[in-house]
Trainee: 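Following this message is one structure expressed as structure tokens.
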Amino acid sequence: MRPSAPATLGLLLLLLGLLLVPGEATQKPTPCQGCRDLVDKFNQGMVDTAKKNFGGGNTAWEEKSLSKYEFSEVRLLEIVEGLCGSSDFECNRLVEEHEELLEAWWLRLKKEHPDLFEWFCVKTLQVCCSPGTYGPDCRACQGGAARPCSGNGRCSGDGSREGDGTCQCHPGYRGALCTDCTDGYFSSLRNATHSVCTACNESCKTCSGPTNRDCAQCEVGWAEEDGACVDVDECAVETPPCGPQQYCENVGGSFNCEECDPTCVGCTGKGPGRCKECIPGHTRESGQCADVDECALPEKACARAGESCYNTPGSYVCVCPEGFEETEDACVPAQPAGGEVAEEAAEEAAEEDAVRPPAREDL
């Protein structure tokens with residue numbers, strides 16, 4: 001029995017939903033963003049075709065008879081055809097719905113309204129606002145459309161029909177119009193039109209100027225000394241803050257624990273020359289921990305006769321030379337392969353004789 005049409009449609013919609021990327025709905029551009037993207041592509045198309053012509057055999061005649069390529073419908077068609085990719089649904093929809101408007105602007109209105117975005121997205125489609133304005137009625141942002149948020153922040157909804165016009169301040173600024181300084185910054189310029197906040201010295205939590213003597217409060221890891229905030233050396237305390245196989249490295253306002261050199265048992269700094277003690281198999285040589293060559297010592301490291309010694313970092317290995325095999329006390333020549341075969345054959349023959357029945361004459 002075939003499923004009903006509504007059931008089939010429901011199944012198709014379910015499969016389509018499974019194929020969609022999660023969050024795809026939220027990725028769809030706003031009407032303003034879609035319009036802005038289309039205008040950006042149109043402007044790029046104008047740049048790409050700026051140095052072209054009709055491309056025929058007699059360009060001079062074509063431009064005289066068919067009007068100049070720069071303002072021609074041929075150029076407009078080339079720009080429009082290159083606006084959208086085949087899978088860019090939103091772009092293709094906008095072009096299909098508003099191609100006549102784009103053509104009207106190109107052929108008749110471009111000189112009077114040279115800013116395509118302002119004419120197309122703001123005044124005609126009314127999906128965007130001019131820069132410095134926001135919301136359904138395109139009201140001026142906080143601080144005015146010329147310098148929203150005193151130039152120190154971003155107006156919510158700026159350039160769109162959305163947002164509430166409040167200021168989202170840049171780092172270092174706060175307040176309704178982004179004219180006040182946050183902690184860690186001081187006011188280096190303040191007048192009727194401009195407010196500039198500059199970062200304090202790294203040693204200051206709050207300050208009135210750029211140096212460590214202008215701190216009103218020291219930052220964590222710094223302490224006041226003789227009227228200035230100076231770095232606290234955490235590594236100089238009686239019990240260092242790092243582990244036994246680490247050394248402490250002081251940095252501004254804090255410290256780092258770094259690993260000792262692998263040849264060290266405890267250390268006071270970087271490298272084999274800063275070891276407190278050397279690990280087994282190493283000894284202090286020219287001020288640093290160096291590998292001991294056990295194979296070069298007067299007392300032989302390898303006990304078995306004929307054994308070869310090979311030094312390794314921190315240790316050594318004893319190996320019989322090639323052609324020799326190990327026994328408990330010495331390295332002895334390995335038995336030739338043929339001798340082994342003959343010995344095995346003799347053993348097999350003895351086993352066969354043991355199980356073979358006696359000859360008749362032996363009975």
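FYI, side chains are in, hydrogens and waters are out, and symmetry mates aren't considered; it's all heavy atoms of this structure.
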Trainee: Look at atom CZ of Phe324 and say whether more than 12 heavy atoms of other residues, nucleotides or ligands are closer to it than 6.0 Å.
Mentor: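 Yes, enclosed.
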Trainee: Does a donor on one side chain sit under 3.5 Å from an acceptor on the other, for Asp40 and Gln44?
Mentor: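 Side-chain D/A pair, Asp40 to Gln44: absent.
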Trainee: Report yes or no: does Tyr247 contribute a side-chain atom to a donor-acceptor pair with the main-chain N or O of Cys257 at less than 3.5 Å?
Mentor: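 No; judged by distance alone, with no hydrogens or angles, the pair does not exist.
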Trainee: So, does Thr133 use its side chain to make a donor-acceptor pair with the main chain of Ser130 at under 3.5 Å?
Mentor: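 Looks like yes, one N/O pair under 3.5 Å.
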Trainee: Can you check whether Gly45's main-chain N or O pairs, donor with acceptor, with Thr49's side chain at less than 3.5 Å?
Mentor: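 Confirmed, Thr49 side chain pairs with Gly45 backbone.
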Trainee: Do Cys318 and Cys302 have their SG atoms under 2.5 angstrom apart?
Mentor: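 Bridged: Cys318 to Cys302.
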Trainee: Can the SG atoms of Cys155 and Cys149 be said to lie under 2.5 Å from each other?
Mentor: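 Their SG atoms do not fall under 2.5 Å; no disulfide, then.
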Trainee: Do Cys248 and Cys235 have their SG atoms less than 2.5 Å apart?
Mentor: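 The sulfur gammas are closer than 2.5 Å, so yes.
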Trainee: So, Ser188 versus Thr198: side-chain donor-acceptor pair below 3.5 Å or not?
Mentor: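 Their side chains do contain a donor-acceptor pair, which is all the 3.5 Å distance test asks for.
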Trainee: Donor-acceptor pair, distance only, cut-off 3.5 Å: does the side chain of Asp261 make one with the backbone of Cys275?
Mentor: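 Side chain of Asp261 to backbone of Cys275: no pair is present.
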Trainee: Is it true that Asp164 and Arg139 have a side-chain N and a carboxylate O under 4.0 angstrom from each other?
Mentor: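 Looking at Asp164 and Arg139, the cut-off is not met.
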Trainee: Verify whether one side chain among Asp231 and Asn250 offers a donor that lies under 3.5 Å from an acceptor in the other.
Mentor: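 Asn250 and Asp231 do have a side-chain donor-acceptor pair below 3.5 Å.
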Trainee: Check whether Ser150 reaches the backbone of Leu177 with its side chain - one donor and one acceptor, N or O, closer than 3.5 Å.
Mentor: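 Between the backbone of Leu177 and the side chain of Ser150 there is a qualifying donor-acceptor contact (under 3.5 Å).
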Trainee: Does the structure place the NZ or CZ of Lys123 under 6.0 Å from the centre of the six-membered ring of Trp119, at an angle of no more than 45° from the ring's axis?
Mentor: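 No; the conditions do not both hold, so Lys123 does not lie above the ring face of Trp119.
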Trainee: Are the charged groups of Arg93 and Glu90 less than 4.0 angstrom apart, N to O?
Mentor: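 Answer for the salt bridge query: yes.
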Trainee: Will you find, in the side chains of Glu78 and Tyr69, an N or O donor that is under 3.5 Å from an N or O acceptor?
Mentor: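 Yes, a side-chain donor-acceptor pair sits under 3.5 Å.
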Trainee: For Gln142 and Cys167, indicate whether the former's side chain and the latter's backbone hold a donor-acceptor pair under 3.5 Å.
Mentor: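 Looks like no, no N/O pair under 3.5 Å.
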Trainee: Is the backbone of Ser72 close enough, under 3.5 Å, to the side chain of Trp106 for a donor and an acceptor to pair up by distance?
Mentor: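 Such a contact is found between Trp106 side chain and Ser72 backbone.
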Trainee: Using every non-hydrogen atom in the two residues, find where Gly175 and Asp180 come nearest and quote the distance to one decimal.
Mentor: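 Minimum heavy-atom separation between Gly175 and Asp180: CA-OD2, 4.3 Å.
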Trainee: With Cys128, which of Cys35, Cys121, Cys32 fulfils disulfide (SG to SG under 2.5 Å)?
Mentor: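 The disulfide (SG to SG under 2.5 Å) with Cys128 is passed solely by Cys32 among Cys35, Cys121, Cys32.
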Trainee: So, are Arg304 and Glu326 salt-bridged, with charged N and O less than 4.0 Å apart?
Mentor: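 Yes, charged N to carboxylate O under 4.0 Å.
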Trainee: I'd like to know if Cys178 pairs up with Cys169 as a disulfide, counting it only when the SG to SG distance is below 2.5 Å.
Mentor: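 Between Cys169 and Cys178 there is a disulfide, given that their SG atoms are under 2.5 Å apart.
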Trainee: Could you tell me whether Glu96 atom CD has more than 12 heavy atoms of other residues or ligands within 6.0 Å of it?
Mentor: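 Atom CD in Glu96 is not packed in, count stays at 12 or less.
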Trainee: Is there a donor in the side chain of Thr182 and an acceptor in the side chain of Arg174, or the other way round, less than 3.5 Å apart?
Mentor: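 Their side chains do not contain a donor-acceptor pair, so the 3.5 Å distance test is not met.
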Trainee: It should be assessed whether the SG atoms of Cys295 and Cys309 lie less than 2.5 angstrom apart.
Mentor: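 Answer is yes: Cys309 pairs with Cys295 in a disulfide.
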Trainee: Any luck finding a side-chain donor-acceptor pair between Asn201 and Ser203 under 3.5 Å?
Mentor: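 Present: a donor and an acceptor within the cut-off.
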Trainee: Distance alone, cut at 3.5 Å: any donor-acceptor contact between the side chains of Thr30 and Glu162?
Mentor: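 There is no such pair between these side chains.
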